[in-house]
Structures are given as C-alpha cells and as structure tokens.
Amino acid sequence: MTFSLAATADTIIERMRKLPSCSSGLLLLLIAVLVAIGVLARLSLFLDVDGRLFWQFMTEDGYLMQTIARNMAIGLGMTTSEGTIATNGVQPLATFLFAGLHYLAGGSKSGGIALVMIFSALCSGAAAYVLYRMGAIVLEKINNGRQVAKVIAALWFASPLIVPISMNGLETSLYHLCMLGACLYYLSVTASDQHHLSWRERTILGLLLGTAFLARNDAVFFIGVLLVVHLLVGGGTTAGGYARRFVDCFHAGIVSVVMATPWLIYNYRLFGSIVPVSGKSEGRIAAVAENLHFIPVKLLEASFPYVPVPGSLEDSAVVMIGSLVFLVLCVTAFWYLVGRSSLLTRRFFHITVGTTLLMAGYYGVFFGVSYFFARYLSVLSASLWLMSSLTVFCAVVLILKAQDTVRQVTRVLMTMFAVVAIVFAWAGFARGTTHMHKQVVDWVSANVPVHAWVGAPQTGTLGYFHDRTINLDGKVNPDA
C-alpha cells in the first residue's frame, strides 16, 4: 500500500510538471503587455509633472530619505533640518546613490525626485530580469520552465503590490535588485555539485552580500541563511565537503562584514549604536509579538501580489488561518515539484524558507508598526511568487489534464492578472495628485515664512519642502 501511494504521488507530480508550451508569438505578446503595464504604471507620474510627480508614489519615509540625500548633494552632509541635525536614520547605499542624483539635478527638488523615480523604475525592471534568470535555472526540471520563468517575472513586475512599493522613494527597488542579484550569482556559481568556489567567486559573493546589507540592513537574515545553507546543504562530499564549504562561508562572510564595517563604525561613533536611529525609534514603541498575527496576511500578499487584502480583514482569524494554509500548501507543493530535484533547487528552497521565517519572526515579534510590514517583507515577494505561481500553474495542469484546455485556461488567467494590474495601476493614477501629508505642506507653504522653524512628529514630506523643520518622533532626530 505504501509503495502504491508513493508511486501514485510521483505520477501526479510528474503530470503536474508537464506545463504546456505556449506559442512564441503569444508568449512574447503576453510578456510585452505585462512589461508595458509595469513601465507605464511607474512612469505615469510624468504625464503631469506639476500635479503628481511629488505625490503619486512618494511616501512619508521616502521624503525623509530624499531630504537627507539632497542635503548631502548640496554640501550639508547626512543631515536634516537645513543641515543642523546629523542623522543616520536611512539605509546607506540608496541614500548615497540618491544624493548623486540630486547632485546631478543641481539641488532642484523636482529634478531630484524625477531622477529618483526613473532610477527606481530601472532598478525594478532589472530586478524582474534577474528574477527571470533565477527562475530559469530553478525551474530547469519543469517542462517549458524557461517560458514559465519569463511569464512569472513579467507578472511580478506588473503586480499591484510591487509597482507602488518599488517607487516609494526609498531603497525598496534597489534592495530587491541586490538581494535577487546575490541569490542568482550564488545559485549560478554553485550549480555544479562538484564545483569548488574559487577565491574570486567567494570574494564576489561576499561583495554582493555586503551590497545587499548596505541596501537594507535586514539583509543580515538573508546573508546568514545563505551561508548556513551553503555549509549544511550538500553533505560531506559536495564541493570539497564541509571543511571546504566552511572556508567558502568564512571568506564570503568576512568580505561582507568588511563592506558593512564603515557604516557600522559611523553609526557607533556618532550615534552610540550600530543600529540606525530610525530602527531604535521604531523598536522603543514595540510590545513583544503585538503584531505577529499580521504576518501571515502580509506573507500572503508577498507570495501572491495580485491579492491585496483589505485592511479591515487583516486581523481576521479566518484570513490569518487561510493565509497560513495557502503558504504551507505552496511551499510544500514547490518542494515536491522542484525543491528536492537538485542541489541547486534544494538550496534555493532552504534560502527562501529560512529567510522568510527569520524576517517574519523578527518583524512579527520585535517590531511595532505593522503598517510597514508590506514594504519590509516585499523583498521576499520574488522568490515566494515564484513558488506560489508555479504551484497554481501546475495545479491547473493536474485538474484539467488536456493540454489544449490548459493552454486556454492559462491564457484566461494571464488575461485576468493583466486586467487586475491595469485596474490597480489606474486607481493609483487616479489618486496620484493627493497625498496624506500634502495638506500640511500646502498650509505651511501658505502660512509659514521660509525662515521660520516648525516641528512635527512626522516630518518626512514637510521637511523636504520646508527646510527648517525639526523632527520630533526620533526617526531621524537622535535627541527626539
């Protein structure tokens, strides 16, 4: 009986792996439509620069980063409040790059934001391409896996969750690119079971991991998981065995630490802690595990970015349990479909699951503002979407069986996804001339002289437009 059940399960899995091919013309059209949606949704703010450049995508925290980046560009250093308050309440890599863009714009507030928006769109497009490349090698055992990877990447690029988050004026799109790039490089150079990493490959891996940390410091979870997976997954004979792989991990890890050290020293010497002031500020208002129940829903949105959950349902027990069930089913199905098929896919699986558990645990247990979870966990979206979308496609194959029917239903599904992406993009465009802090900026501009000082608990947006603004919530002001 046991043998019969195992044989039946293997037969089902093999059937699910046989995704039908799509004609090259239709495939290219589908991908082109999705890419066009993603590009137009991101760049639609340039259709009316005066009315929406500042408001369609930029967030409160995005303006905090832009204020600091612009101050760096005009010679005031990493500061706020017209150069009077030194801060480290940002992620360094994006801030320095944005400072370069503001410098190119000559300090122009509109010109700097325009360049930042273009840069963010380019990073998001590059991240989608890297996701395709990673998907192609991960799905090698799947029939027509390369075609599937192209569609998955295009869908991710156009998805309602990723479009606005990737254009928020923060490090998000750059972080997506850095994490995906590091993961792709690692999987590529370790694809062969017997390949020994060279000194050069270890160094490059360490540089990529360090770059991911500088893009956003919670990449430390990804770095730790990747190195542990490299050491432990593969047994005693792969790539020189445990001892050789330990050397790989030590070398790459040290290089990443060297990359991060200048920023950590700067934080400690000037502000007394390696944790940026923004992180300390957020941590002080957190009660242990007060927001843990939001994590399943946010992971559901990350793993299937076409299903934004209404805020009124986020703390529903039914939604939370349903989200957990969906995630477990997708992860389990991916393991049996792809994850166990090779050393490369086993490592990808463990890196994705391990990083997800650590990040979800950290933000759910120790972080206090659930509002930010969608952005913080969005970096997991590419890998989780690869797992969940593949599971959905393979389930369609299993249920419908007939190849022609599967093709037709798949086309319908892709069309539905495209329509959903268009609807959300249009809704974002329709709201693109408003902003939750716009009325504060308008009021201060109309009633407060430029030489007068103002203070507020939230000063990201206001501080960008009124230079003499003091932050009172502690996110970028150490004294506060």
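Please read all numbers here as calculations on a predicted model, not as lab measurements.
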Quiz item: For the residue pair F222 and F213, is the inter-centroid distance of their aromatic rings smaller than 6.0 Å?
Solution: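 Distance test on ring centres: not under 6.0 Å, no.
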
Quiz item: Is the centre of the Y376 ring less than 6.0 Å from the centre of the Y363 ring?
Solution: yes

Quiz prompt | By side-chain hydrogen bond (donor to acceptor under 3.5 Å, both in side chains) - contacts of T172 (at least two apart) | solution =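 Residues passing side-chain hydrogen bond (donor to acceptor under 3.5 Å, both in side chains) with T172: N168.
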
Just say parallel, tilted or perpendicular for the rings of [X] and [Y], cut-offs at 30° and 60°.
| X | Y | value |
| --- | --- | --- |
| Y306 | F417 | tilted |
| F119 | F98 | perpendicular |
| F250 | F246 | parallel |
| W335 | F349 | tilted |

Quiz item: Do V338 and V138 have side-chain heavy atoms sitting under 4.5 Å apart?
Solution: yes

Exercise. State, without any angle test, whether D248 and H230 hold a side-chain donor-acceptor pair at a distance under 3.5 Å.
Key: yes

Shortest non-hydrogen separation from [X] to [Y] and the atoms involved:
| X | Y | result |
| --- | --- | --- |
| A154 | V35 | CB-CG2, 4.5 Å |
| L131 | A382 | CD1-O, 3.8 Å |
| A69 | T95 | CB-O, 3.7 Å |

Quiz item: Distance under 6.0 Å and angle within 45° of the ring axis: does R340 meet both against F334?
Solution: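 No, cation not above the ring by the 6.0 Å, 45° rule.
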
Quiz prompt | Cationic tip of R245 above Y242 ring, under 6.0 Å, 45° of axis | solution =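 Yes - R245 lies over the ring of Y242, closer than 6.0 Å to its centre and within 45° of its axis.
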
Practice problem: Run the salt-bridge test on E140 and R146 with the 4.0 Å N-O cut-off and return the result as yes or no. | Solution: no

